[in-house]
Undergrad: 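One structure, pasted below without further comment.
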Amino acid sequence: MEYVRNTWYVAGWSSEFGRSLTRATILEENVVLYRKSEGGVAALEDRCPHRLMPLSKGKLKDDCIQCGYHGMTFDQDGNCVRIPGQEAIPASAYVRAYPTHERHGIVWIWMGDAEKADPNSIFDLPQFTDPKWSMHHGDALHLKSNYLNVAENLCDPAHVSFVHPTTLGNSASEEVPVSTEKDGDVIVTSRWIRDAPPIGFFQKFGGFTGNVDRWHYYYLHPPCVAAIDFGSADAALELPEDKRDEGVRIFALHFMTPVNATTTIDRWMHLRNTAMEDETAAPQMDEMFRVAFAEDKVILEAIQEEELRPQSRRPIRLAIDKGPNFYRRIVEKMIAAEKQPDVETTGGASQTAAQ
Amino acid sequence: MEYVRNTWYVAGWSSEFGRSLTRATILEENVVLYRKSEGGVAALEDRCPHRLMPLSKGKLKDDCIQCGYHGMTFDQDGNCVRIPGQEAIPASAYVRAYPTHERHGIVWIWMGDAEKADPNSIFDLPQFTDPKWSMHHGDALHLKSNYLNVAENLCDPAHVSFVHPTTLGNSASEEVPVSTEKDGDVIVTSRWIRDAPPIGFFQKFGGFTGNVDRWHYYYLHPPCVAAIDFGSADAALELPEDKRDEGVRIFALHFMTPVNATTTIDRWMHLRNTAMEDETAAPQMDEMFRVAFAEDKVILEAIQEEELRPQSRRPIRLAIDKGPNFYRRIVEKMIAAEKQPDVETTGGASQTAAQ
Amino acid sequence: MEYVRNTWYVAGWSSEFGRSLTRATILEENVVLYRKSEGGVAALEDRCPHRLMPLSKGKLKDDCIQCGYHGMTFDQDGNCVRIPGQEAIPASAYVRAYPTHERHGIVWIWMGDAEKADPNSIFDLPQFTDPKWSMHHGDALHLKSNYLNVAENLCDPAHVSFVHPTTLGNSASEEVPVSTEKDGDVIVTSRWIRDAPPIGFFQKFGGFTGNVDRWHYYYLHPPCVAAIDFGSADAALELPEDKRDEGVRIFALHFMTPVNATTTIDRWMHLRNTAMEDETAAPQMDEMFRVAFAEDKVILEAIQEEELRPQSRRPIRLAIDKGPNFYRRIVEKMIAAEKQPDVETTGGASQTAAQ
């Protein structure tokens, strides 16, 4: 499968890395990761160049890895610093090192040309550091689905009524049209469901019992970051679009890490402007998201299976597919651009202009 | 793998279908089946034309299926009747519908050209509706074997002595020659084992203790229906061929449904002219058949595995293979005929002339 | 995968074969083995030439196998002696028979041209029959690894320090150079670690507490036999190379049987010149070897997995790889020689000149 390489992918939450060796498979490459003694996370090609032994089965020695087969030792930059039984270290004795960057409890990795790895292009939100907001890191959801289908699902408000009828959607929205726009390469799909019963999520968080106005803004940053801004406010307030902070507002963030052509890890986290002092709120939200995302998992894995079977005709596209259509074209453009050696490309996600 | 398409296959017993959605894989195609509110079974392509979601994971709404991803809805004929979020329904918004027919508690499906689906060509027996006979539907036996090998086994009386020594055969028949004839495209392999000890089955049903005359008539209707007429009578009666109803006589029916190149479902049922009032007879027969067919399963799955391995020489054919040889040639002829656009073909099984 | 065919492989220990049918897969071929009534082991192609049924699922009748499907019967030479239902036995009704030879409790099989199968070329050691030595047959270790990587590991003393730090090696040897020589096609890799703490094995067997001289001689007989001569003696003795019998000396023998391109069975046994009267010594040694060889298994299976993944560059070779390099070239030469129809080849292992 083809992937955008010159972009930042999430390798894991900061809490996942310590002074032991962790293997991750990203864009079909095996990477070994560990926290360095002075902080920061090292990421190396997980294969000794001698007999192909995964370095993640070796030992961490200071900030170097000693291979578990013959003791070849590599430093955090991938340079070989020891070959037991010989003095000379040949030029071919190295492993690839991947740039990483850590911010807001998230470890990002760059799988493309190292010289293009600019931390300023990493996805960010002002709410990460805003004291009126509370941030919580969720789970790593393993999906037997390629990343394209996962991403389509994240610029597709229309599925919510049918896939998540008891958590994130209800039948009130079945026929409400979706607005789709592009902000540079960011795809924004949104809709407001005005003066309707609250969905399960906002019955619990917000305590709404009467009708509410409910919004969904899906900001999809190709290839693999999605920020979903959704919330509710008492319908009597007739809340305008730019006053969403006056309602109960949530950001659900999804960081997709393509493992291979049929597997993606979707790491999700959330930010909220409600129940700031309530320590039970984050785990309760986690639980509701787990139920909802398990519903997506069923869908995504079923269609992945079908895609691998013979196709006798082309799938059809509907009015609701404007966002997914934009997404596919942008990803194709990014992949094509990386094949042009002289063209400068940036696949990174930039800050969402969330008002 | 190639299959005969213009023929009736068994989709299941009538009892398998109700007001829920059932997936079946037949000739490598996924089909969703459900019982319609006015009766009869609908069978649709199990794949939404939008995002390939299996419709069997959706919801039955009256006699329509609503897709579980975005709510596209299809009626029992495969026509799309609703697309949430848009008015217009494009011509490409449909799924294939398969003709079905239900008779004697069996649901048949036609995987080929719908206009050729003639219910009169469905396999039938007068004993199905004869009050002197009792009918009982058995199991769906899943075999990791292609249908050709399953069918060969069902026009092959010779294997019984070696594969089923304690149930359907014994050593008395090891050297008794097999008679093989063709009645149109129906292959009839048969033999009588005269004046020999009864097999296990007829010790139990019939209560024979002394020597019996035992017969086997295998009627194989290519591609996928087999009726095995077997029975026993006291050897002293010297029963002629056309008086089999005076002995204890059983029909074991096998309906093979090819799933894919390495899997077949063998649905079996039986009819008997003995122990009509005994409610324990059918379950006891089921149990004996289960033991015997589990013995076939071991054989068929072992040879399927071998067929998938490299072959260094051609298998040899023996005198007992006359029936299987006929079968292979008829199936090849049927498949070739379906590739001739102007030639009328009928692959259906017609009524067995059981005397 | 390509294999040397004109050589003796181990089919199993003598204790593995009796009056029942055993299937073994060797060089991707299925073989059925059984002990003949007058002794000796028969080895036949495990596939009936009629319907490909594995003969190992049939029945042993005297020294013949009766196929479990239709009763075709083959004698110990692979000749068909019965076809139920017909008199004539066609010339094509046979299965291949493989030469075998049994010695020292080991059953050897020849997978190549039968006329070249010379038992004199079977690997042997004078210690097998020397009353000062005690022989013990160990386990059949199943490795998800091709035989080439298993064999490399057995002419590679350098890995011991890193893979077996608590059993067969320790850090004292990390930088001790390896001597590599060829004796005909036998590769001899060796080293002495002088005046160093004893490894775990010789703390237990030998009771050494002070420093010892320790040796390793790996005799690799391509393609698939390895004899590892290792031992220890009190460092004060300053034992010369040709007096190893005066120390505590062990032979660990490895007989690799390639199953297919990704699986090898490594049958190992050992001989010792110590603790001759101690009945607990052999099972205790077994236990230590099991721990050590499980460590090799982790390595070998991990690199096999990596070899199956895409490679972006050639593996590098180190100073310690002289033995493995010899081995690869000799196996390539043997395989190439077998493709030359007129050239006489011997792939068998000859007796090790162990002093």
Undergrad: Considering all heavy atoms of both residues, which atom of A:Leu52 and which atom of C:Ile303 are nearest to each other, and what is their separation?
TA: C-CG2, 4.2 Å

Undergrad: According to the ring pair (Phe, Tyr, Trp, His ring centres under 6.0 Å) rule, which pairs have a member within residues 72-93 of chain A, sequence neighbours left out?
TA: none

Undergrad: Tell me, side chain or backbone of A:Ala93 under 4.5 Å from chain C's heavy atoms, or both, or neither?
TA: both

Undergrad: Among A:Pro49, A:Cys48, A:Gly85, which has the most heavy-atom pairs under 4.5 Å with chain C?
TA: A:Pro49

Undergrad: Is there a side-chain contact between C:Ile316 and A:Met72, using heavy atoms and a 4.5 Å cut-off?
TA: yes

Undergrad: Restricting to side chain to side chain donor-acceptor pair (under 3.5 Å), what partner residues turn up for C:Glu287, sequence neighbours left out?
TA: C:Arg290

Undergrad: Can you sort out the partners of C:Pro310 under side-chain contact (heavy atoms from CB on, under 4.5 Å), two or more places apart, ordered by chain and number?
TA: none

Undergrad: If you check both backbone and side chains, which donor-acceptor pairs between chain C and chain A fall under 3.5 Å?
TA:
residue	atom	partner	partner atom	Å
C:Asn149	OD1	A:Arg51	NH2	2.8
C:Glu152	OE1	A:Arg51	NE	3.0
C:Glu152	OE1	A:Arg51	NH2	3.2
C:Asn153	OD1	A:Tyr69	OH	2.9
C:Asp156	OD1	A:His70	NE2	3.4
C:Asp156	OD2	A:His70	NE2	2.6
C:Glu174	OE1	A:Arg82	NH1	3.2
C:Glu174	OE1	A:Arg82	NH2	2.7
C:Glu175	OE1	A:Gly85	N	2.9
C:Glu175	OE2	A:Arg82	NE	3.2
C:Glu175	OE2	A:Arg82	NH2	2.8
C:Glu306	O	A:Arg47	NH2	3.3
C:Glu306	OE1	A:Arg47	NE	2.9
C:Glu306	OE1	A:Arg47	NH2	3.0
C:Glu306	OE2	A:Arg23	NH2	3.1
C:Glu306	OE2	A:Asn30	ND2	3.4
C:Arg309	NH2	A:Glu28	O	2.8
C:Pro310	O	A:Arg47	NH1	3.2
C:Pro310	O	A:Arg47	NH2	3.3
C:Arg313	NH1	A:Ser92	O	3.3
C:Arg313	NH1	A:Tyr94	O	3.3
C:Arg313	NH2	A:Glu45	OE1	3.4
C:Arg313	NH2	A:Tyr94	O	2.6
C:Ile316	N	A:Pro49	O	2.8
C:Ala319	N	A:Gln86	OE1	2.8
C:Asp321	OD1	A:His50	NE2	3.0
C:Asp321	OD2	A:His50	NE2	2.7

